[in-house]
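One structure is given below, encoded as structure tokens.
Everything numeric here is computed off the predicted structure, so don't read it as measured data.
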Amino acid sequence: MFLTITIVTVYTGDLPAGMIGSLLVMVVFGEFLGWIGDRLPIVKTYLGGGAIVAIFGFAYMVL
């Protein structure tokens, strides 16, 4: 639910600029990427799970 709201606000440009908007994006997308990483078998077993996916996901977003 929050992921959908965040994606819509980012796409429409209604997300507040500054720290509040970026904190919302980091929390929601970080939780989503962590959820994905905890369910991928190879990543979960050998690389550390959701934390590593969240770190690399946000590193990719910076590019």
Exercise. Considering only heavy atoms from C-beta outward, does the side chain of M61 approach that of F29 to under 4.5 Å?
Worked result: yes
Problem set entry | Distance, nearest 0.5 Å, that separates CZ of F2 from CD1 of I7 | 14.0 Å
Check: residues 11-24 side-chain donor-acceptor pairs under 3.5 Å, at least two apart:
from: T12; atom 1: OG1; to: V8; atom 2: O; distance (Å): 2.9
from: T12; atom 1: OG1; to: D14; atom 2: OD2; distance (Å): 3.1
from: S22; atom 1: OG; to: G18; atom 2: O; distance (Å): 3.2
from: S22; atom 1: OG; to: M19; atom 2: O; distance (Å): 3.1

Contacts under 3.5 angstrom, residues 42-55 side chains, donor-acceptor by atom type, not counting sequence neighbours:
from: T45; atom 1: OG1; to: P41; atom 2: O; distance (Å): 2.9

Problem set entry | Atom CZ of F58: over 12 foreign heavy atoms under 6.0 Å | yes
For this session: Determine, using the 4.5 Å side-chain heavy-atom cutoff (strictly less than), whether I5 and F32 are members of one ILVMFWY cluster.
Result: no
